[in-house]
Amino acid sequence: MWILGWLGMASLCLGAAWAVPAKDRRKAEKPKADLALYENLDLDNYDLTLDNYGEILDLSNYEELYDYSDLAPKIEVGTLAPRSKDPETLPNLGATAETPKLQPPSTAGPIHPAPIPVQGLPSCLLCLCIGTSVYCDDANLEHIPALPPDTTYLYARFNRIGAVRAGDFTGLSTPGPGRGQAPSGARGINASAFVPLHLLPPLPTEKLKRIDLSSNSISWADVDAFRLLPSLQELILPENRLTALPELPHSIVRLDARLNRIPSAGLRPEAFRDLKQLQFLHLSDNQLDFIPAPLPESLRSLHLQNNNIQTMHEDTFCDSQDHSQVRRALEDIRLDGNPINLSLFPDAYFCLPRLPTGRFS
């Protein structure tokens, strides 16, 4: 029996010996191979160069001598990343993207904007706006266009404008009553209907200084068409069809209304007396019957030629009660082209620096 036992033990040892992997056997053989390699080297005359590299080192068995398979990382195929526990980061598999619906092609033709009448266009499309000046000369206008609020000079010559209305300069004039206070004489109106002045938005700056409407067809103008323009200095209206002058602002310096049809009845009584800044008053080629006195002391030039003036008063230019009066500013008076004989009124010129131009015989 003991013989059978020894045989069994021997078979187990032989099986274990043969079970050793070939990899371990190669590792065990490496030192012996290394020693055999270095035994062939002449270490005393060792000089490794590119020329003798193949002679010194045998590259044919390089892969057998050096096995790097044990250094390769182990990759476990088929492993999945752990599922996220945050439900917000999980895709919503139940929701599906909606397919955009294509709109059927329209059978209607292109839509063209409605034509805008010439009179309804902004002034800077009809006219030329340069800075604060608006030039509307020869633009075939029948009305004064809406002006930008900062307009300083308006030129609308050689058009077909037939009238000047007070609303033509909306936003450029001084507001009427009702801005912060009730109009005078208003009765039965609740005071709360009027907004306090400090709560209202600021008014645009009144900058309009010159209006030139020469060579139009203006036959009439509203009484307040120009009176509410506090900065207006020059009003130029020659070659129109005016038969009356509207009320003027106190800021006016130059009024040119030549070549119209204005009779003396078309002027308000004492129309120029309170215009303390008026310097140039040109009303030639109209239908005046007398000189529009009294005239302000600021006047420098008075042109009344080619009218129907036949007489004058001694106080037309000078104060007959003050013989020391001198009007040095009024140097240019033209009365030529009128039927008046200036020699018949010698006491009417004593305060003037020079005699009027006209007929003295």
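Checked by atom type and distance alone, the side chain of Asp332 never pairs as donor or acceptor with a backbone atom of Arg334 at under 3.5 Å. In terms of modelled atom types and a separation under 3.5 Å, the side chain of Asp315 and the main chain of Ser320 share a donor-acceptor contact.
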Next item on the list: Could you walk me through whether Leu278 and Leu248 pass side chain to side chain contact (heavy atoms under 4.5 Å, CB included), step by step?
Entry: CA-CA 10 Å; Leu278 181 63; Leu248 301 173; over 6 Å; no
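Each of Asp224, Leu228, Leu232, Val164 was compared with Phe169 under the side-chain contact (heavy atoms from CB on, under 4.5 Å) criterion, and only Val164 meets it.
For the atom pair CZ of Phe345 and CG of Leu342, the computed distance is 8.0 Å after rounding to the nearest 0.5 Å. The distance from the OG atom of Ser264 to the CD1 atom of Ile309 is 7.0 Å, given to the nearest 0.5 Å. Residue Ile144 holds its CD1 atom at 6.0 Å from CD1 of Ile218, rounded to the nearest 0.5 Å.
For the pair Leu281/Leu275, no side-chain contact is recorded, criterion being any heavy-atom separation below 4.5 Å from C-beta on.
Hydrophobic clustering (side-chain heavy atoms under 4.5 Å, transitive across Ile, Leu, Val, Met, Phe, Trp, Tyr) keeps Met312 apart from Phe350. Following chains of ILVMFWY side-chain contacts shorter than 4.5 Å, one can reach Ile333 starting from Leu267, so the two form part of one hydrophobic cluster.
Taking a cutoff of 4.0 Å between a charged side-chain nitrogen and a carboxylate oxygen, Asp137 and Arg157 qualify as a salt bridge. For the pair Arg300 and Glu331, the salt-bridge criterion is not met [side-chain N within less than 4.0 Å of a carboxylate O].
Aromatic ring pairs are classed by plane angle as parallel below 30°, tilted from 30° to 60° and perpendicular above 60°; the pair His303 and His282 is parallel.
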